[in-house]
Amino acid sequence: ICHRSHFGSSAPATPKIRSRRPPAQRSAPHIDEMAEVLAAEVPQAEKDELFCAYAAMILQDSALDISEENLNTLIKAAGGSIDAFFPALFAKMCGGKDIESMLKFGG
């Protein structure tokens, strides 16, 4: 049995994560579908962005600088490997920004 994920590729069917909320209370019906995408199917560029974003949030929460070196250290400690330019680009993008306010605004 195969299904098409929202990335457009065929993959073996995997169990869906079921919401405990009644259907009328679910915020978005597509959330269950997103759980069907296997990590191996996510493009590397998206994984690289996620590694940097999560590492930056951890660094911010730990009151550490969001620098290329700190991003690389944290990503490697988590067992990740990413293209070399992503941490430099991400650190430059975060430089001088009020990341804490951005995180509060988004959540």
Side-chain angles (χ1 to χ4, degrees):
I1 298 175
C2 288
H3 71 278
R4 298 201 62 78
S5 72
H6 67 281
F7 290 112
S9 63
S10 294
T14 56
K16 287 186 177 184
I17 297 174
R18 301 283 181 211
S19 175
R20 293 182 187 174
R21 295 180 184 166
Q25 294 179 354
R26 293 183 191 153
S27 60
H30 67 281
I31 291 175
D32 287 344
E33 294 172 17
M34 292 175 65
E36 294 179 16
V37 178
L38 301 174
E41 294 178 358
V42 177
Q44 187 61 43
E46 289 182 31
K47 289 179 189 177
D48 292 350
E49 289 178 37
L50 287 170
F51 266 126
C52 286
Y54 290 136
M57 286 188 272
I58 291 168
L59 292 169
Q60 177 65 36
D61 192 51
S62 301
L64 298 170
D65 290 335
I66 301 174
S67 67
E68 178 181 1
E69 181 181 353
N70 286 347
L71 288 168
N72 274 320
T73 299
L74 192 53
I75 291 166
K76 287 179 184 176
S81 62
I82 63 173
D83 287 335
F85 74 92
F86 264 103
L89 179 67
F90 209 85
K92 186 174 182 176
M93 181 185 71
C94 291
K97 306 287 189 307
D98 187 0
I99 304 297
E100 184 174 348
S101 292
M102 288 182 195
L103 293 173
K104 286 180 184 176
F105 179 72

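The structure displayed is predicted, hence computed values, not measured ones.
With rounding to the nearest 0.5 angstrom, the CD atom of E46 is 11.5 Å from the CD atom of E41.
Considering all non-hydrogen atoms of both residues, F86 and E49 come closest at CE2-CG, 3.6 Å.
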Just list the side-chain donor-acceptor pairs under 3.5 Å for residues 71-81, sequence neighbours left out, or say none.
| unit_1 | atom_1 | unit_2 | atom_2 | d |
| --- | --- | --- | --- | --- |
| N72 | ND2 | E68 | O | 3.3 |
| T73 | OG1 | E69 | O | 2.9 |

Just list the side-chain donor-acceptor pairs under 3.5 Å for residues 56-65, sequence neighbours left out, or say none.
| unit_1 | atom_1 | unit_2 | atom_2 | d |
| --- | --- | --- | --- | --- |
| S62 | OG | I58 | O | 2.9 |

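The closest donor-acceptor contact from the side chain of K47 to the backbone of A39 lies under 3.5 Å.
Taking the side chain to side chain contact (heavy atoms under 4.5 Å, CB included) definition, one finds that L89 meets it with F85, sequence neighbours left out.
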